[in-house]
Amino acid sequence: MSRNKAGFVTLCQQLLALAVVLAVLVPASGVVTLDIVRERPSDGAAAPTPEVSGALAAYVREAQRPSTVATAPVDPDVREITLTPPTAAAARATGPAARLGRLSSGPVQARVTTRRTAEGVARVVTSTPQQVTGYGAVGVTWAHGEDIPETDLAFRVRTRTDGVWGKWLTLPYHDDHGPDPGSAEAKHARPGTDPLLIGTVDDVQVRATATGDAAVPDDMTLAVIDPGTTPTATEKAGIDTATMDGDDGSDSVENLAVAPAAAGSDAASLVSAATATPAAAVFTPKPVIYSRAQWGADESLREKSSLHYYEVHAGFVHHTVNANDYTRDEVPGIIRSIYAYHVKSRGWSDIGYNFLVDRFGRVWEGRYGGVDRPVVGAHTLNYNDYSFAMSAIGNYDVKQPSEAIVEAYGALFAWKLSLHGVNAASTSQQVGPTMFEAINGHRDAAKTACPGRYLYARIPDIRRIAAQAQRGWAGRQLESDLASTPHPDLVVRRASDKRLFIVPTGGLSGFAAGTTVSGDWSDADAVQVSPDLTGDGAADLVVRTASGAVEVHRGDGEGGFAAAGQKLSGFSGHDLVTAAGDLDGDGRNDLVARNSETGRLDLFRGRKPGAKKPANSVALAKKRTLSGDWSDVTDLAGAGDLDGDGRDDLALVSGDGTLAWARSTGDGYADPTPIQVSTAVQEVAGRGDVSGDGVADLVVRTRSGAAYAVLGRGEGGFGRLIGPFPALAKASGLIGGGDVAGNAMPDLYSFSGGRLTLYSNRGTFNAGAPIDTGVTATDADVVLSAGDWDRDGNGDVILRSAKTGRLLLRRGDGQGHLGPATVLAKDFSGVKLLAAVGDMTGDGWPDLMGQPSGGSMRIYPGRGLDGLGTSYAAHSAISASRQIALGRYDADGAPDSLFRKGSTVTLYPGNGPGGLTDPTRLKLDLSPYDWTVGISSATLGSRPALLARRTGTGDLYLIPATASGFGAPRLLAQGMEVYDLAG
């Protein structure tokens, strides 16, 4: 990313969310500062910036303005002066071993004296005056392994300018600044003071005092640091985090205008002229950060092999204890001095802090590795692996922090914590062995004054700003859409020929709440909705009155029916009047009715009205009695074509609750065939594909009162029940209505107590007919629905070759078809538990996660058509047979994963770019299923779901995530036993 890339926040609306009533500044009476002789700014006053008012005005103004920054790396000069002799072993050390001991060379340039104090004898080491060149900083370190409590050692420093010595002032020493014990970085770290900026002076002198039983440490050295100079340029912050989630940066601060609030108005009345889309408002505001290059970091100094990632559970506020009256232009040099002291003198692998903020409110990148990544620093002893830190440049034990500093902390911590799934308002975060709040001062983790009493007093404001700013995870969640609808889909491979198919889902079959159909139906004894009887293309209503008469009420095509009906003759002595559909295939719909005395069915064929009758009237041929005994039937419904022969069939319920169907023969019906269902049936309604798989189904109401669909399997076969449908829970007297709502899905009516109610189909479905992708994947051993890998708007698929171990990308067209294979990555044959996990890194591109043989679980950052970025550890090795990516499961914003081992299922919550955190075993029984795939929400909600195939039956179930775990499995489809891979 170009360093002169401008930017800052997403939307004005997001900035407004940060509005807080900041605490009144504590009076700074009695403030003592270290006066330094400074370099003057080279370019005078900073360039003017646009007027900004309202929330976070100080921070926004600073984020918009350019700064004088370095344009080339600088290797600071660190001169080490020996104050006490090294140990014999350290003196002999050479090569890498020298880092464990002596850093200085030459004779001892200090004298040791003793004096009596109230605590006993104190040993005092006083350096000889040392010349200072450049804009200096100093610090004192000593031999590795000599860890002395800060209560036993005290340091003072004074400077001389133009022959005059200043006062002795404290050189801060905190024994809990540094890498965690046991870490690779700690193995060569030296104890020491904080670095102290002394400015442009002639000479410097330090004094170390060991009290009580403490001995003067070996190999004590004074580091005198010249940060050096570099060519400069005027630029804005080089890291625009608004571009890290795939945005184009159009919502950066340079495009932001904030109107002043009218008197008495609230923050919501402020308006934004930003051009970003409204959807961006759901994300946490994204700060701009000055890059390492902009403070002149020499990347050759840091120890590249020590770069380490782990987890972020909390953030810590620090201060550098430098002077507070530095200029804007001096900041890059101050940071270079801290960097040089941490690396060259303390022996750390890099600068200790993840971020720094100056008194003007500018945020600077600290430790290398990515501002959005969980880089382990050296800032808060014992808690570095689980946290990050930003240090305010200055001494805030003697000076109030500016409002820009407080606001910068709030904005940066809100964004950084959101990346790692941490609620900034959390008061209970597990950070290593201890519970902390999400945002803390350093003193909350150790016996230290850091970050100074005045900055520490503002931490409640920082917490409030960050909590109000947060809007959740900035990355995209698990994507599973490959075909036809925005709902998640499943990619499968047919075992017989290795052909890939897409099984689409459509939001789950269901019906809307009932609406009463207008009209007076109080005289009706029974009703049926029939396909068009009147010739106008709309479904009609067949009514049998209490007196036994039969009428047809014309449909209006929108679910309603005419109040007046046409009376039909020939139905006297009949019940179970039923809309049979087009029984004989002549294009006219027919009716059947049961003779109440004989129990036999009579057929009333539809025919074209005669010339003397209105064209839209109903005409029926003379009844014809059909064979068979239907006297035990309690409910009868036209069911549409159940066996695929082009003729409409009947569905029926017998007195003992048996469900059956009768095949049309063209001039009658075959004997009913029972349909095996798991419960006794009360009513049946047909005529439509409820599940969305292209085959007609039946809707039944069981004797328990619940309504289900019986899956049709074609050719007269039927499967299991799907549902129940909550909207139909009280819908007695079910009637098939065909497609009334106009969404090509079957609607239903109910008739009870003289009330006719329409239940419109929502237009959604369970699982559609499999779509042939056009691809044969003979060599694949893994198939993954990768989300929109190339960001062209369509879902894509990744396959792994069993022979070569290559990952192959096949780009989707949004309709279930896949394009030619392109090589995405090589050497993945040994990677187990491979899964497509959504945008884990927050950069806008979907990622993969897997575990190389014998290694840790790793994130493989997606780079679209450019393949994969450098992988990094997401968690220590996980023993499991399958990883099931979930996306956002626990609602903290970051993608999560399940891992299955036998019947045990374990949740590893996501930590944003940090990967996975500590596991929790779930009470979820997946033992009935032979494979399980994580998908995004089946209903386009906020929680993911699982698609699971039941072992031995091929039934596909949906297991939705809930706030407390997972819900009851819901049957989606059958026939999945023919597939051997799924993703």
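Numbers here simply count residues along the sequence, with the first being 1. Being a predicted model, the structure only gives us computed values, none of them experimental.
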As an exercise, state the distance from [atom1] of [X] to [atom2] of [Y], rounded to the nearest 0.5 Å.
| X | Y | atom1 | atom2 | value |
| --- | --- | --- | --- | --- |
| Leu926 | Leu946 | CG | CG | 6.5 Å |
| Ser785 | Leu947 | OG | CG | 10.0 Å |
| Asn595 | Leu601 | CG | CG | 9.5 Å |
| Leu490 | Thr505 | CG | OG1 | 9.0 Å |
| Leu758 | Leu748 | CG | CG | 9.0 Å |
| Arg605 | Asp590 | CZ | CG | 6.0 Å |

Quick check against the 3.5 Å criterion: does [X] have a side-chain atom that pairs as donor or acceptor with the backbone of [Y]?
| X | Y | answer |
| --- | --- | --- |
| Ser522 | Gly754 | no |
| Asn766 | Leu971 | yes |
| Glu551 | Lys567 | no |

Margin query: My understanding is that only one of Asp632, Asp575, Asp635, Asp602 makes a salt bridge (Lys or Arg N to Asp or Glu O under 4.0 Å) with Arg594; could you say which?
Written below: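 Running salt bridge (Lys or Arg N to Asp or Glu O under 4.0 Å) over Asp632, Asp575, Asp635, Asp602 with Arg594 returns exactly one hit, Asp575.
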
When [X] is tested against each of [options] for side-chain contact (heavy atoms from CB on, under 4.5 Å), which residue passes?
| X | options | result |
| --- | --- | --- |
| Leu756 | Thr516, Val543, Leu541 | Leu541 |
| Asp930 | Arg949, Glu977, Met976 | Arg949 |
| Leu482 | Ile771, Asp796, Val797 | Val797 |

Quick one: list whatever passes side chain to side chain donor-acceptor pair (under 3.5 Å) with [X], sequence neighbours left out.
| X | value |
| --- | --- |
| Asp813 | His817 |
| Ser678 | none |
| Asp739 | none |

Using only heavy-atom distances, determine whether the side chains of [X] and [Y] contain a donor-acceptor pair under 3.5 Å.
| X | Y | result |
| --- | --- | --- |
| Arg703 | Thr679 | no |
| Gln528 | Thr578 | no |
| Asp671 | Thr673 | no |

Margin query: One pair to check against side-chain hydrogen bond (donor to acceptor under 3.5 Å, both in side chains): Thr932 and Arg882. What are the steps and the verdict?
Written below: CA-CA 9 Å; Thr932 312; Arg882 182 176 179 84; 5.8 Å; no

Note to self: Applying salt bridge (Lys or Arg N to Asp or Glu O under 4.0 Å) as the test, list every pair that has at least one member in residues 759-775; sequence neighbours left out.
What the structure shows: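 Every pair satisfying salt bridge (Lys or Arg N to Asp or Glu O under 4.0 Å) with a residue in residues 759-775: Arg499-Asp772.
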
For [X] versus [Y], what's the shortest heavy-atom pair and its separation?
| X | Y | answer |
| --- | --- | --- |
| Asp536 | Ala538 | OD1-N, 3.1 Å |
| Ala767 | Val503 | CB-CG1, 4.2 Å |
| Asp689 | Pro746 | O-CD, 3.4 Å |
| Asp648 | Ala580 | CB-O, 3.4 Å |
| Arg600 | Trp630 | CA-CD1, 4.3 Å |
| Asp697 | Val690 | OD2-N, 2.9 Å |

Item checked: Qualifying residues under ring-ring contact (aromatic ring centres under 6.0 Å, His included), relative to Phe511, sequence neighbours excluded ->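 In terms of ring-ring contact (aromatic ring centres under 6.0 Å, His included), with neighbours along the sequence ignored, Phe511 is linked to Phe725.
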
Check: For His574, which residues count as a ring-ring contact (aromatic ring centres under 6.0 Å, His included) partner, sequence neighbours excluded?
Finding: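 Here the qualifying residues are Phe604.
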
Next item on the list: Please examine the side chains of Pro531 and Asn589, heavy atoms only from C-beta on, and report whether any two atoms are closer than 4.5 Å.
Entry: yes

Does a salt bridge link [X] with [Y], judged by any charged N lying under 4.0 Å from a carboxylate O?
| X | Y | answer |
| --- | --- | --- |
| Asp540 | Arg554 | no |
| Arg663 | Asp649 | no |
| Arg647 | Asp582 | no |
| Asp896 | Arg888 | no |

Next item on the list: Mind telling me whether Phe561 and Tyr749 have parallel, tilted or perpendicular rings, with 30° and 60° as the class edges?
Entry: tilted

